[in-house]
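Quick one: this structure, given as C-alpha cells, is what I'll be asking you about.
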Amino acid sequence: MSEERSLNFIEEIIENDLKSGKYETLITRFPPEPNGYLHIGHAKAICLNFGLTKKYGGYTNLRFDDTNPVTEKTEYVDSQQEDIKWLGFEWKNELYTSDYFDTLYDFAVKLIEKGLAYIDDSTAEEIAALKGTPTEPGTDSPFRSRSIAENLDLFARMKAGEFPDGARILRAKADMSSPNMIMRDPIIYRIKHAEHHRTGNKWCIYPMYDFAHGQSDSIEQITHSICTLEYVSHRELYDWFIEHLEIFPSKQYEFARLNLSYTVMSKRKLLQLVNEGVVTGWDDPRMPTISGLRRRGYTPDSIREFCERIGIAKRENLIELSLLEFCVREHLNKIANRVMAVLDPIKLIITNYPEGQEETLNGENNPEAEDKGGIRAIPFSNELWIEREDFMEEPAKKWFRLAPGATVRLKHAYIVQCESFVKDAEGNVTEVHCTYIPESKSGEDTSGINVKGTIHWVSTKHAKKAEIRTYDRLFTVESPDSEEGDFKDYLNPDSVDVIKEAYIEPYLANADLDSRYQFIRKGYYCVDKDSTPEHLIFNRTVGLKDAWAKAKK
RNA sequence: UGCCCGAUAGUAUAAAGGUAGUACAACGGUUUUUGGUACCGUUUGUCUAGGUUCGAAUCCUGGUCGGGCAACCA
C-alpha cells in the first residue's frame with residue numbers, strides 16, 4: 001500500500017502550486033473532440049487528468065471540444081462518455097465548447113476593439129503564401145490595417161451569414177515575423193455554413209481550436225490544462241489570448257502521447273480501418289480503442305494499471321504491447337475462473353473405462369482465489385476431446401504430453417497411458433487410445449505415479465459447441481507509422497482466426513457478457529457481444545505465457 | 001536553413017551535485033494436477049566532446065541524433 005512512487009513532472013508542478021498557495025483547488029479537464037472513438041492513448045490522458053484530482057482533490061470536467069461541426073457527431077459524444085465511465089472515472093461537469101460560442105464571440109469582438117484582430121478577405125492560398133516559412137518571416141496581409149469600425153461591421157455580418165464559406169476570416173493581429181509560425185496572425189474564426197450537432201444552425205461562424213481551447217479552460221477556471229506535446233508551440237498563443245482578453249490565467253502543460261507497438265493510434269487512421277472494412281468497426285477486438293479493448297475482454301483495472309506503469313514524461317515513446325498484455329494477464333489471473341475448452345479436437349478413448357459409464361468430477365474454479373473460486377461439476381466419460389497439439393506420434397525431447405506409451409494426467413481426473421492411436425487417410429491422427437488408472441483419481445490418488453504433464457479435455461457426450469475467435473496484433477511491424485509507404489501495407493493477415501466448432505465444458509453454457517475465463521493452458525477468454533445461447537462466441541483476450549512454445553524455437 | 005521540445009539497459013520510467021534503481025521483456029532455476037501463477041537469480045544503461053566541481057545522469061558550452069511547427073483540423 002505504501003508504494004513510494006516518485007512524482008512525475010506534472011505532479012511536481014501541482015504539488016508546488018498547491019504548496020505555494022497559487023491555487024487552492026486543482027481543476028483539470030479532459031477535452032476530446034467528438035469526432036471518433038476514444039483509444040488507449042486517450043485512456044492515458046483520462047487516467048492522468050482524473051487521477052490527478054483524485055489524488056490531490058479538486059475535480060475534473062469533461063469538455064467536448066466541438067468547434068468543427070463537420071466532423072463531430074452525437075454518436076461520438078455518447079461513446080466517449082460510456083468509455084470514460086467504463087474506465088471508472090466520474091466528471092464533475094459535462095461541458096461543451098459550443099456552450100461558450102456566445103462568450104467566445106464576445107471575446108473576438110473585444111480583441112477587434114483592442115485593435116488585435118482583423119477581418120482578412122484573402123483566399124486560403126494567399127494567406128498561406130504570405131505566411132512565410134520557418135526560416136523567412138511572413139508578410140502583412142493587405143487587410144491587416146483595416147479600421148476597427150470596419151472590422152467590427154464585417155465580423156457582425158460574417159456572423160449574420162452575409163458571406164459564403166471561405167470569403168473572409170477573422171485573424172488575430174499578433175506577429176507576422178515571429179519565429180513561431182503559430183503566432184503569425186493565426187486564424188481565429190472561419191465561416192462554415194454547417195449544422196452543428198448541438199447548436200444546430202444558430203451559427204455559421206465557428207472559432208478555431210486556438211481561439212476556443214484556452215478561453216474555455218479559463219472560463220472553467222482550469223488550473224492545469226494538460227495536453228500532448230504537439231501543442232507546445234501553441235502555448236505562446238494560448239497565453240497571448242488569455243493576456244489580451246484579461247481572463248483567468250489557466251496554464252498549459254504538455255506530456256508525450258502514448259504510442260503502442262504493433263498498432264496505430266491516430267483517429268484518422270483508425271477511422272480509415274473502420275471505413276475500409278479492414279476491421280468490423282470501432283469496437284473490433286483488434287482495435288486499440290477503449291471499446292475494442294472492452295470487447296476483447298480487457299478490464300478497466302488492467303488499463304488503469306497500464307496507464308500507471310507507463311509513466312508521464314516529455315520524451316517520445318513506443319510502449320511495448322507486452323506490457324499491456326502483462327497488465328491484463330495479471331488482473332485476469334486473479335479474477336478469471338478456470339475452465340476447459342478444446343479448440344482443435346481429436347478423440348481420446350479410454351479403453352478400460354466402461355462405455356456408457358459417467359461420473360461427475362469436481363474442479364476448483366480458481367486456484368488463485370481465496371476460496372478457490374468455489375467448485376464446479378465436470379462430467380467425465382470414456383470418450384473425450386483433447387487438443388491435437390497434446391499428442392505427438394514421435395515425441396520431441398522434453399515432451400511432457402501424450403505419445404505412444406506415455407502417461408499424462410487428465411486435469412481434475414485420472415492418469416492415462418497411451419496405448420495406440422488411429423490415423424485417417426491423410427495421415428492425421430484422429431483418435432488416441434488410452435487406459436486409465438482407477439486409483440489415480442484427482443484428489444484421492446493412491447497410485448503413487450508421478451506424471452510430468454497434465455492436459456485439459458472435454459467429455460464428448462457432454463461437450464457444448466462454441467465459436468472461438470483468436471486475435472493477434474493488427475500489424476506485423478512495431479511502428480506502422482514510421483515504416484515506408486502506407487501503414488496498411490503492414491497489416492497482419494492473421495490478426496484474427498475463427499474456429500467455428502470448438503468444444504467447451506457444459507459449465508460454460510451460461511457464460512455471460514461480463515464473465516472472464518481462463519481456458520486452462522490456452523488463455524483468457526470472454527463472451528463476445530454477438531454471442532447467443534444457441535451460438536456461443538468467445539474472444540481470446542490474451543494467451544497464456546507459453547514456455548513450451550518458446551522452447552520449441 | 002529558423003524556432004521549440006527531447007535524449008538513462010531491448011522498452012518504458014526513477015535518481016532534484018553524493019551507491020545509477022524499478023517494472024516489462026529476455027535468459028536460467030525452484031515450486032506446481034495449467035510448460036500458467038508464485039518465488040529466486042542472471043544479462044543489459046547515463047548520445048558525444050569539452051568545461052565547472054572534492055564529486056556530474058543531473059549544472060554550463062559546442063556537437064550529434066530523434067520529434068514538433070508553414071490545416072479556414074483538433
Side-chain angles (χ1 to χ4, degrees), chain A residues 3 5-8 12 31-33 35 65-68 70-72 120 123-124 127-129 131-138 165-171 178-184 187-192 205-206 208-210 212-213 227 229-236 254 256 261 267-268 309-327 329-330 333-334 338 340 364 367-368 398-401 408-413 415 440 442-443 445 450-456 478 518-524 543-552:
Chain A
E3 83 284 15
R5 194 174 62 83
S6 52
L7 303 180
N8 63 50
E12 278 182 21
E33 181 187 12
N35 68 343
D65 212 346
D66 55 352
T67 59
N68 186 356
V70 303
T71 58
E72 297 150 7
D120 197 326
T123 63
I127 289 175
K131 197 120 196 177
T133 68
T135 50
E136 308 156 46
D165 289 7
R168 297 177 216 270
I169 46 98
L170 180 68
R171 301 177 75 174
S178 171
N180 181 356
M181 299 288 295
I182 301 289
M183 295 303 290
R184 320 247 261 230
I187 293 169
I188 59 182
Y189 259 96
R190 77 287 214 190
I191 302 170
K192 265 185 202 273
I205 57 171
Y206 293 91
M208 298 288 289
Y209 165 86
D210 283 311
H213 205 99
C227 61
L229 251 24
E230 64 266 33
Y231 293 101
V232 168
S233 55
H234 292 251
R235 188 174 60 230
E236 188 179 352
E254 312 88 10
S261 63
K267 271 191 214 166
R268 200 195 96 241
R309 282 172 180 261
I310 58 179
I312 300 294
K314 295 188 78 150
R315 66 188 89 117
E316 300 289 333
N317 59 79
L318 179 63
I319 309 284
E320 292 176 346
L321 218 209
S322 60
L323 180 61
L324 217 210
E325 294 182 336
F326 166 82
C327 290
R329 280 197 197 101
E330 184 187 44
N333 177 50
K334 292 192 187 110
R338 273 60 169 171
M340 296 196 284
E364 60 186 26
E368 303 295 322
K398 285 198 169 172
W399 177 256
F400 298 164
R401 289 117 93 151
V408 295
R409 173 171 295 279
L410 298 170
K411 179 75 181 173
H412 300 307
I415 291 173
S440 66
S442 193
D445 186 350
N450 276 321
V451 292
K452 286 287 260 254
T454 299
I455 64 172
H456 59 279
E478 277 202 313
Q518 184 196 99
F519 289 3
I520 289 179
R521 303 209 301 137
K522 298 308 286 184
Y524 293 100
L544 254 26
K545 272 199 195 164
D546 190 346
W548 172 248
K550 231 174 240 174
K552 277 190 296 188

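Values below: every heavy atom of this structure, side chains too, minus hydrogens, waters and symmetry copies.
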Just call it for A:G523: base, sugar-phosphate, or nothing, with non-hydrogen atoms closer than 4.0 Å on any strand. nothing

Which one is paired to B:rC59, where only Watson-Crick or G-U wobble pairs with both distances under 3.5 angstrom count? B:rG51

Basic-acidic side-chain contact under 4.0 Å: A:R171, A:D120: yes

Determine the contact category for A:A124: base if any of its heavy atoms lies under 4.0 Å from a base atom, sugar-phosphate if only primed atoms, P, OP1 or OP2 are that close, otherwise nothing. base

Can you tell me, in whole Å, how much space there is between the C1' of B:rG41 and that of B:rC47? 31 Å

A:E72 versus A:N35, side-chain donor and acceptor atoms under 3.5 Å: no

In Watson-Crick or G-U wobble terms, both distances under 3.5 Å, what is the partner of B:rU46? none

What's the closest nucleotide to the A:L323 side chain, out of B:rC73, B:rU34, B:rC24? B:rC24

What nucleotide, of B:rG2, B:rA12, B:rC24, holds the atom closest to the side chain of A:I319? B:rA12

Is the shortest heavy-atom distance from the side chain of A:E368 to the side chain of A:K334 under 4.5 Å? no

Students often get this wrong, so: under 4.0 angstrom with heavy atoms, is A:K550 touching a base, only sugar-phosphate, or nothing? sugar-phosphate

May I ask you to test the A:R309-A:F326 pair for a side-chain heavy-atom distance under 4.5 Å? yes

Please work out if A:H412 contacts a base, only the sugar-phosphate, or nothing of the nucleic acid, heavy-atom cut-off 4.0 Å. base

Complement of B:rA38, any strand, by Watson-Crick or G-U distances under 3.5 angstrom: B:rU30

For A:F326, answer base if it contacts any base atom (sugar-phosphate contacts may also be present), sugar-phosphate if it contacts only those atoms, and nothing otherwise; contact means non-hydrogen atoms under 4.0 Å. sugar-phosphate

Would you mind pulling out the nucleotide paired to B:rC65, Watson-Crick or G-U wobble, both distances under 3.5 Å? B:rG6

Under 4.0 Å: is that the gap between some side-chain N or O of A:K192 and OP1 or OP2 of B:rC73? yes

Closest nucleotide among B:rG10, B:rA74, B:rG36 to the A:L544 side chain: B:rG36

I'd like to know if the side chain of A:E254 pairs up with that of A:Y231 as donor and acceptor (distance under 3.5 Å, no hydrogens or angles considered). no

Return the nearest nucleotide to the side chain of A:K411; candidates are B:rC24, B:rA16, B:rU34. B:rU34

Which part of the nucleic acid, if any, lies within contact of A:T67, taking any heavy atom under 4.0 Å across all strands shown: a base, the sugar-phosphate backbone alone, or nothing? sugar-phosphate

Any salt bridge linking A:R409 with A:D445? Criterion: basic side-chain nitrogen under 4.0 Å from a carboxylate oxygen. yes

Could you work out which one of B:rA15, B:rA14, B:rC27 sits closest to the side chain of A:R315? B:rA14

5' priority, RNA chain B, between A:W399 and A:R168 [closest heavy atom]: A:W399

For atom C1', what is the distance between B:rU52 and B:rU61, given to the nearest Å? 11 Å

A:N180 near the nucleic acid: base, sugar-phosphate alone, or nothing, with a heavy-atom cut-off under 4.0 Å? nothing

Tell me whether the side-chain N/O atoms of A:R235 come closer than 4.0 Å to OP1 or OP2 in B:rC4. no

The nucleotide from B:rU33, B:rA70, B:rA74 with an atom nearest the side chain of A:D65 is B:rA74

Would you please determine if the base of B:rG35 is stacked by A:W548, with stacking meaning a centroid separation under 5.5 angstrom and planes under 30 degrees? yes

Answer for the Watson-Crick or wobble partner of B:rC72, both distances under 3.5 Å, is none

Taking a pair to mean Watson-Crick or G-U wobble geometry with both distances below 3.5 Å, B:rU22 pairs with B:rA12

